[in-house]
Amino acid sequence: MKPTSSPQNPLLRDVPEAAEYLHVNIHFVRRLVRDRKIPFVKLGHLVRFDTRDLDAFVDAGRQPAISV
């Protein structure tokens with residue numbers, strides 16, 4: 001069973017987990033990191049993502065519906 005995140009204990013995800021969470025491929029996540037388009041945490045040589053940052057990234061890309 002995976003741990004859950006809370007404001008006091010954010011879940012840090014690695015690249016494959018972040019890709020799965022966002023429903024994209026790993027290469028897309030790596031490109032976002034390379035281009036500095038998504039916040040990430042460096043732990044030595046490891047890259048990790050706070051789930052709250054992933055949610056904020058999705059929310060920032062949200063577009064309003066257009067009424068016809």
> Do D59 and R62 pass the salt bridge (charged side-chain N to carboxylate O under 4.0 Å, His left out) test, and can you show the C-alpha distance, the side-chain angles, and the key distance before you say yes or no?
Replying inline: CA-CA 5 Å; D59 289 340; R62 194 175 307 275; 2.9 Å; yes
>> To the nearest 0.5 Å, what is the distance between CZ on F49 and CZ on F57?
In response: 10.0 Å
> When rounded to the nearest 0.5 angstrom, what is the spacing between CG in D14 and CG in L46?
Replying inline: 9.0 Å
Side chains of residues 31-41: which donor-acceptor partners sit under 3.5 Å, not counting sequence neighbours?
none

> Going hydrophobic residue to hydrophobic residue with side-chain gaps under 4.5 angstrom, can you get from L22 over to L12?
Replying inline: no
